[in-house]
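Chain identifiers are assigned alphabetically (A, B, ...) following the order of the sequence lines, protein sequences preceding nucleic acid strands; residue numbering begins at 1 within each chain.
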Amino acid sequence: MRFSRAYIPTTKESPKDALLPSHIYLSRAGFVAQVASGLYNFLPLGKRVLRKIENIINEEMAACGALEVDLSFVTPAELWQESGRIEKFGKELLRFRDRKDNLFVLGPTHEEMMVSIVRNRVTSYKQLPLNVYQVKTKFRDEARPRFGLMRAREFVMKDGYSFHASTEDLDREFDVMEAAYKQILERLGLTFRIVEADSGAIGGTGSKELMVLAQSGEDTLAVCDTCEYGANVEAARRAPRTIIPEAPQADFMRFKTPNVKSIDDLSAFFHVDPYYTLKAVVMRAVYTEGSEPVCFFIRGCDELQEVKARNSVGAIDLVDISEAELSEIGLVPGFIGPLDQDKIRFVMDNDTRNATSMICGANEADYHFVGVNLSVMNEAVFADLAAVAEGDGCPHCGGKFLHTKGIEVGHIFKLGTTYSAPLKAEFLDENGRSQPFIMGTYGMGVSRLVAAVIEQHHDEKGCIWTHATAPYMVNVMVSNIKEEAHLAYAESLYTELQSRGIETILDDRKERFGFKMSDAELIGFPFTVIVGKEMENGLVQIMIRKTCEIITVNADDVETKLEELIG
RNA sequence: CGGGGCGUAGCUCAGUAUGGUUAGAGUACUUGGUUUGGGACCAAGGGGCCGGAGGUUCGAGUCCUCUCGCCCCGACCA
């Protein structure tokens with residue numbers, strides 16, 4: 001491609017609403033342009049990057065026998081009614097009616113459609129397993145799109161679905177997909193972590209997220225500093241504590257603690273580590289029908305992890321509750337405890353089971369119990385409620401957890417029969433018995449990956465594309481096109497590189513050196529060959545974008561040198 | 001959906017508290033000239049429904065009401 005004939009609208013200034021590096025540079029360098037909230041046009045360079053990622057995905061999917069399909073973007077609403085998701089998805093589903101007044105939705109994901117294409121067609125266990133996928137535009141009418149391509153309403157996603165006759169076979173395929181996803185991200189040149197994730201209301205036994213590590217990531221991960229284990233904090237587990245503070249000595253008794261309400265106050269008042277205090281967090285749990293206040297008890301040194309708390313009571317949401325509401329129930333804020341507690345449903349953190357020497361609220365203003373042995377609560381409901389903190393121990397190796405930020409670019413999980421059962425997608429097993437398909441689902445955010453590459457690979461000058469994602473590998477830049485000999489050399493180099501299968505762009509614009517260099521750095525081609533002053537000595541230079549290092553090479557050896565650099 | 005902010009040239013923004021000639025700058029664009037290794041310089045140009053509708057006023061980019069759009073924080077995001 002000749003730069004002079006390309007459409008690459010670069011700008012010196014960022015769009016006023018761009019905050020993230022990926023958003024700023026992808027806009028400034030002319031890869032994408034915003035159309036409306038959460039909607040983006042892909043310009044020629046952006047489209048090339050998108051296609052490269054798609055190609056890698058397609059190659060890796062083909063390598064493990066997955067079959068590419070392409071399902072209708074517009075899907076009949078009936079399918080969504082059948083699965084029960086039309087309500088659940090709510091306003092994120094963009095609905096509309098056709099001329100005959102039939103209701104349709106724009107596909108935000110394709111479980112229903114995918115089940116419907118195999119339903120009644122795959123009818124025997126002999127046809128299983130089956131793994132089908134597509135790379136497709138999706139639409140989710142997000143309440144708040146943001147961060148450019150990172151959270152758009154219209155986006156490109158690879159979504160795959162596998163169908164099995166047994167859970168063992170699903171487990172096998174799940175591992176195959178995990179390996180394939182890992183391979184894709186490695187080929188793209190990304191640093192990432194595969195972490196355990198919350199499987200949410202969908203349930204299932206396995207749920208893993210692929211996280212590209214970047215400061216701007218929206219998810220917080222707890223990663224082990226020693227082994228491979230990592231988890232989204234929503235799902236992270238930790239090893240039992242090894243360092244236990246010295247226990248306070250006290251017999252069980254009711255103790256007057258005037259106006260001592262917070263954990264800080266309490267531990268100061270008794271001069272004990274917060275580990276020996278019991279924190280009560282009351283929230284209103286919202287269910288599909290109705291809601292109720294629920295109290296969660298955790299150690300004072302811990303924080304409540306809301307997703308875990310929500311899962312522990314099967315709620316769809318937890319919302320804050322006011323002190324007035326607490327008083328109405330008969331609870332005294334600051335003095336709530338589990339002993340003789342019958343005013344509210346409560347759940348206790350696993351780490352409080354059989355805890356001794358505890359201090360907890362006495363359910364009466366200005367009184368706490370001390371010397372509490374929580375083994376008396378063994379009949380209560382226990383669950384993992386506490387948020388994993390930095391420094392907590394890894395459950396696998398005894399290493400320490402660190403927190404880091406990640407961009408979720410993929411999510412794979414085992415669906416089981418969540419969709420096949422309600423949609424009555426069944427096959428006959430060896431015994432002639434009708435069974436719903438056992439399913440797995442594998443998603444990857446393709447357009448989000450474009451942004452993720454830049455979040456992880458940029459500097460103050462612009463984009464730094466990895467070799468696998470670069471729109472062009474080499475930029476042949478003529479610093480002054482009026483120098484006919486320089487231009488002629490560049491033209492021949494441009495032709496030669498292309499014949500060697502290297503994607504090349506020729507910057508033949510009538511612009512000055514500095515202008516073209518800035519563009520080259522902003523756009524982020526891995527290598528820019530500078531054809532200019534050094535030509536008089538039979539030399540050219542290669543600017544390596546990643547380091548901004550400029551090396552001088554003989555004009556006759558540049559192709560070989562580039563091939564060496566590309567590797 | 002709750003809270004906040006912003007809509008003026010392709011882009012980034014002044015101008016709006018206190019209404020008053022023909023609405024500005026930088027950048028980008030066109031033409032001519034000079035330049036040519038880090039976003040050059042000189043000169044001459046084109047480009048605006050001041051987001052939209054209604055109102056107040058002799059007069060509205062500026063004041064009032066309504067509306068649409070975009071952004072930020074939160075909620076939400078199987």
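- Regarding A:Phe513, its CZ atom lies at a distance of 11 Å from the C1' atom of B:rU36, rounded to whole Å.
- Looking at A:Asp459 and A:Arg545, a side-chain N of the basic residue comes within less than 4.0 Å of a carboxylate O on the acidic one, giving a salt bridge.
- Across all strands shown, B:rG47 has no partner, as no Watson-Crick or G-U wobble contact with both distances under 3.5 Å is found.
- The list of salt bridge (charged side-chain N to carboxylate O under 4.0 Å, His left out) pairs with a residue in residues 472-494 of chain A, not counting sequence neighbours, reads A:Arg2-A:Glu491.
- Nucleotide B:rG7 has B:rC68 as its partner under the Watson-Crick or G-U criteria, with both atom distances under 3.5 Å.
- The residue among A:Pro15 and A:Arg140 whose nearest nucleotide of RNA chain B is located toward the 5' end is A:Pro15.
- Closest-nucleotide positions on RNA chain B for A:Arg146 and A:Leu522 were compared, and the one nearer the 5' end corresponds to A:Leu522.
- Under the Watson-Crick or G-U wobble criterion, with both distances below 3.5 Å, B:rU62 is left unpaired in every strand shown.
- Side-chain proximity of A:Tyr419 to the nucleotides B:rG37, B:rA78, B:rC76 is greatest for B:rA78.
- Residue A:Ser37 places at least one side-chain N or O closer than 4.0 Å to OP1 or OP2 of B:rC71.
- Considering only residues two or more places apart in sequence or on other chains, A:Glu534 meets the salt bridge (Lys or Arg N to Asp or Glu O under 4.0 Å) condition with none of them.
- Taking the six-membered ring where the residue is Trp, A:Tyr181 and A:Tyr442 present perpendicular rings, their angle passing 60° and hence far from 30°.
- Note on ring orientation: taking the six-membered ring where Trp is involved, the planes of A:Phe525 and A:Phe3 are perpendicular (angle over 60°, cut-offs 30° and 60°).
- No donor-acceptor contact under 3.5 angstrom links the side chains of A:Ser479 and A:Lys533, judged on distance only.
- Between A:Asp317 and A:Arg284, no side-chain nitrogen of the basic residue sits less than 4.0 Å from a carboxylate oxygen of the acidic one, so the salt-bridge criterion is not met.
- Aromatic ring centroids of A:Phe31 and A:Trp465 lie under 6.0 Å apart.
- Counting only heavy atoms from C-beta on, A:Ile550 has its side chain closest to B:rG38 among B:rG38, B:rA78, B:rG74.
- Rounded to whole Å, the C1' atom of B:rU56 lies 8 Å from the corresponding atom of B:rC63.
- Within 4.0 Å (heavy atoms only), A:Glu306 reaches no atom of the nucleic acid at all.
- Within 6.0 Å of atom CZ in A:Arg5, 12 or fewer heavy atoms from other residues, nucleotides or ligands are found, so the atom counts as exposed in its surroundings.
- Distance alone, capped at 3.5 Å, is enough to place a donor-acceptor pair between the A:Ser420 side chain and the A:Phe437 backbone.
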Polar atoms only, N or O, under 3.5 Å: list the protein pairs with nucleotides 24-31 of chain B and their distances.
residue: B:rG26; atom: N2; partner: A:Glu13; partner atom: OE2; Å: 3.1

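- Taking the six-membered ring for Trp and thresholds of 30 and 60 degrees, A:His23 and A:Tyr40 have ring planes more than 60 degrees apart, a perpendicular arrangement.
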Contact list (N/O, under 3.5 angstrom) for nucleotides 1-10 of chain B vs protein:
none

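- Comparing the P positions of B:rU18 and B:rC76 gives a spacing of 42 Å, expressed to the nearest Å.
- Comparing B:rU65 with B:rC29, their C1' atoms are spaced 40 Å from each other, to the whole Å.
- The side chain of A:Asp519 has B:rG39 as its nearest neighbour among B:rG38, B:rC77, B:rG39.
- Atoms NE2 (A:His486) and P (B:rU36) sit 14 Å apart, rounded to a whole Å.
- As the counterpart of B:rC13, B:rG24 is assigned, both hydrogen-bonding distances of the Watson-Crick or G-U wobble pattern falling under 3.5 Å.
- Across the protein-nucleic acid pair, A:Ile481 atom CD1 and B:rU36 atom C1' stand 11 Å apart, rounded to whole Å.
- Of all nucleotides present, only B:rC73 satisfies the Watson-Crick or G-U wobble test against B:rG2, with each distance under 3.5 Å.
- Residues passing the salt bridge (Lys or Arg N to Asp or Glu O under 4.0 Å) test with A:Glu209, sequence neighbours excluded: none.
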Derivation of the side-chain contact (heavy atoms from CB on, under 4.5 Å) call for A:Met477 and A:Val529
CA-CA 6 Å; A:Met477 191 196 95; A:Val529 178; over 6 Å; no
N/O-N/O pairs, protein side and nucleotides 33-35 of chain B side, under 3.5 Å:
residue: B:rU35; atom: O2; partner: A:Arg512; partner atom: NE; Å: 3.4
residue: B:rU35; atom: O2; partner: A:Arg512; partner atom: NH2; Å: 3.2

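- A:Glu112 comes within contact range of no nucleotide atom at all, as no heavy-atom separation falls under 4.0 Å.
- Among the nucleotides B:rC70, B:rC77, B:rG38, the one closest to the side chain of A:Met517 is B:rG38.
- The side chain of A:Glu92 sits closest to B:rC77 out of B:rC77, B:rU36, B:rA78.
- An OP1 or OP2 oxygen of B:rC71 is reached within less than 4.0 angstrom by a side-chain nitrogen or oxygen of A:Gln34.
- Using a 4.0 Å heavy-atom distance criterion, A:Thr441 is classed as making no nucleic acid contact.
- Of the candidates B:rA78, B:rG74, B:rC70, B:rC70 carries the atom nearest the A:Asp17 side chain, counting heavy atoms from C-beta on.
- Residue contacts shown for A:Arg28 include a base, since a base heavy atom lies under 4.0 Å away.
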